[in-house]
Amino acid sequence: MRKPMERNTLRNILLRAQYRIGTLALDSLNKPSLTERPECFIGLDASYSKKYGAVAVAALTDAYGNIKSYSIAVGQPPIEYIPGLLAFREAPILYTAYQELREKCENQVVLVDGHGIAHPRYAGIASHLGLALRKPSIGAAKRRLYGVEYSLSRGCRQYPCIAGELIDPKASRKLATIIFASKRNKIYVSPGAYISLQKATKIILSLLQPQISPRMPTPIYYADKISRNIARCLDRGDCNPTAIRRGVLDSINLIDNTSI
DNA sequence: GCGACAG
DNA sequence: ATCTTGTCGC
């Protein structure tokens, strides 16, 4: 057995990789990929089970955010969480969960819980995934990681609405749109890859339905809900990863946490 | 040196 | 992310 790598050694290697990924992500934003209106969305999120590690879910919705199906991947994350390096921990398992839904719809956009280019090296988890999957991707995060916050509005009569934006302090570039999803909940929306900030913002505004989810666009909300419920189910011993993969639990009741 | 720090 | 009771507010 080899001595485990120093945390800082690992960190330095991954930081270097991210500088290159970030450059690719920014370049990709100009390249056309979304020619028509998207037909479907795929929301990606992960929860954690004490017994089995990460539980990743990809939730497929139609153009209006109605859930159609989902797929699951379970496994131990490769590294611990390090701020700024989330993608190296969660993107692999999310990528796996996504595979089963890849061909289900032509003109799709991938939505990820976390940032896109609103990241110190323009390489948030949504950017990593968009590039790896070669699909337009958008990041929606609940908290800021990088960028200077500019407030444009303190509220609105009807939610969602635009609250402000996130500016890159070292390049005077817009990184994200800050949106009031509901009265007290803001989210940060940034392009991951192959999409403009403008289109990303428009899409997220169309997928925020306060009566369903107070905070997240519905595809991510469903992925979050389902993954959390499966993680709990696993830890209680009421289900196991094999059964899950066989589709025994393949029903939408996973969205309501009272079941299973 | 000190504070910040997605999930 | 996750651990967790009651509790302040719309």
Side-chain angles (χ1 to χ4, degrees), chain A residues 7-8 11-12 14-15 18 21-22 25 43-59 72-95 97 110-130 137-149 155-159 166 168-170 175-193 200 204 210-211 214-217 219-221 223-236 257:
Chain A
R7 178 189 153 117
N8 258 325
R11 187 169 177 277
N12 289 332
L14 300 182
L15 289 182
Q18 272 193 338
I21 293 168
L44 266 28
D45 193 21
S47 294
Y48 289 86
S49 150
K50 215 142 205 178
K51 293 182 187 172
Y52 301 96
V55 178
V57 167
I72 306 161
V74 178
Q76 214 58 52
I79 65 168
E80 63 174 320
Y81 171 73
I82 302 172
L85 300 177
L86 171 66
F88 294 103
R89 173 174 168 86
E90 287 191 352
I93 192 85
L94 292 175
Y95 182 99
V110 176
L111 309 178
V112 188
D113 188 334
H115 291 287
I117 63 163
H119 178 282
R121 293 166 296 282
Y122 317 111
I125 189 168
S127 299
H128 280 245
L129 283 163
S137 66
I138 303 171
K142 293 179 280 302
R143 301 186 309 185
R144 187 195 67 90
L145 172 65
Y146 173 74
V148 179
E149 215 164 317
C156 50
R157 288 182 162 278
Q158 196 168 317
Y159 296 93
L166 223 44
D168 186 351
K170 47 178 41 171
L175 293 173
T177 301
I178 305 169
I179 297 177
F180 274 121
S182 57
K183 183 164 186 178
R184 52 179 308 200
N185 293 315
K186 288 189 307 185
I187 58 172
Y188 301 82
V189 177
S190 61
I204 298 302
Q211 75 275 25
R215 189 133 205 190
M216 279 296 177
I220 294 178
Y221 169 79
D224 172 76
K225 205 88 166 153
I226 295 168
S227 64
R228 195 190 327 278
N229 286 329
I230 291 171
R232 285 176 168 176
C233 175
L234 289 171
D235 281 343
R236 284 198 311 262
N257 70 51

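Sequence lines set the chain letters: A, B, ... in the order given, protein chains first and strands last, and positions in each chain run from 1.
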Touch check for [X], heavy atoms < 4.0 angstrom, all strands: base, sugar-phosphate only, or nothing?
X: A:Gly139; result: nothing
X: A:Ile82; result: nothing
X: A:Tyr81; result: base
X: A:Ile220; result: nothing
X: A:Arg144; result: sugar-phosphate

In whole angstrom, give the distance that lies between atom [atom1] of [X] and atom [atom2] of [N].
X: A:Met216; N: C:dA1; atom1: CE; atom2: C1'; answer: 13 Å
X: A:His119; N: B:dC5; atom1: NE2; atom2: C1'; answer: 11 Å
X: A:Gln18; N: B:dC5; atom1: CD; atom2: P; answer: 17 Å
X: A:Asp235; N: C:dT4; atom1: CG; atom2: P; answer: 12 Å
X: A:Ile226; N: C:dA1; atom1: CD1; atom2: P; answer: 16 Å
X: A:Ile21; N: B:dA6; atom1: CD1; atom2: C1'; answer: 16 Å
X: A:Leu86; N: B:dA4; atom1: CG; atom2: P; answer: 21 Å
X: A:Glu90; N: B:dA6; atom1: CD; atom2: P; answer: 12 Å

**OP:** Using a 3.5 Å limit on both pairing distances, list the dot-bracket string of DNA chain C from the 5' end; Watson-Crick and G-U wobble pairs count, crossing pairs take [ ], interstrand pairs take |.
**Re:** ..........
Original post:
What pair of heavy atoms forms the shortest contact from A:Arg144 to A:Tyr188, and how long is it?
Top reply: N-CE1, 3.5 Å
**OP:** Taking all heavy atoms of A:Ser137 and all of A:Gly130, pick out the closest pair and write down the distance.
**Re:** OG-CA, 3.4 Å
Subject >> Short side-chain to backbone donor-acceptor contact, A:Asp224 and A:Asp45, under 3.5 Å >> reply: no
OP1 or OP2 of [N] less than 4.0 angstrom from a side-chain nitrogen or oxygen of [X], does that happen here?
X: A:Arg143; N: B:dC5; value: no
X: A:Lys142; N: C:dA1; value: yes
X: A:Arg232; N: C:dT2; value: no
X: A:Arg89; N: B:dG7; value: no

Subject >> Side-chain donor-acceptor contact under 3.5 Å, A:Asp168 with A:Tyr146 >> reply: yes
If you restrict it to nitrogen or oxygen atoms, what contacts under 3.5 Å exist between nucleotides 5-10 of chain C and the protein, and what is each distance?
none

Original post:
Any idea which of B:dC5, C:dA1, B:dA6 is nearest the A:Ser47 side chain?
Top reply: C:dA1
Original post:
If you check the A:Ala141 side chain, which of B:dA4, C:dT2, B:dA6 turns out closest?
Top reply: B:dA6
Original post:
Quick one: does A:Ile82's side chain get under 4.5 Å of A:Arg7's, heavy atoms only?
Top reply: yes
Subject >> Check: A:Pro77 and A:Ile93 side chains under 4.5 Å, non-hydrogen atoms >> reply: no
Drop me the distance from [X]'s [atom1] to [Y]'s [atom2], to the nearest 0.5 angstrom.
X: A:Glu90; Y: A:Tyr48; atom1: CD; atom2: OH; answer: 3.5 Å
X: A:Cys233; Y: A:Ile226; atom1: SG; atom2: CD1; answer: 13.0 Å
X: A:Ser182; Y: A:Gln211; atom1: OG; atom2: CD; answer: 11.5 Å
X: A:Asp113; Y: A:Ile220; atom1: CG; atom2: CD1; answer: 5.5 Å
X: A:Leu86; Y: A:Arg89; atom1: CG; atom2: CZ; answer: 8.0 Å
X: A:Phe88; Y: A:Ile79; atom1: CZ; atom2: CD1; answer: 7.5 Å

**OP:** Fill in the dot-bracket string of DNA chain B, one character per base: . for unpaired, | for a pair to another strand, ( ) or [ ] for pairs within the strand, taking Watson-Crick or G-U pairs under 3.5 Å.
**Re:** .......
Original post:
Name the one of A:Ile21, A:Leu175, A:Ile125, A:Leu145 that satisfies side-chain contact (heavy atoms from CB on, under 4.5 Å) with A:His119?
Top reply: A:Leu145
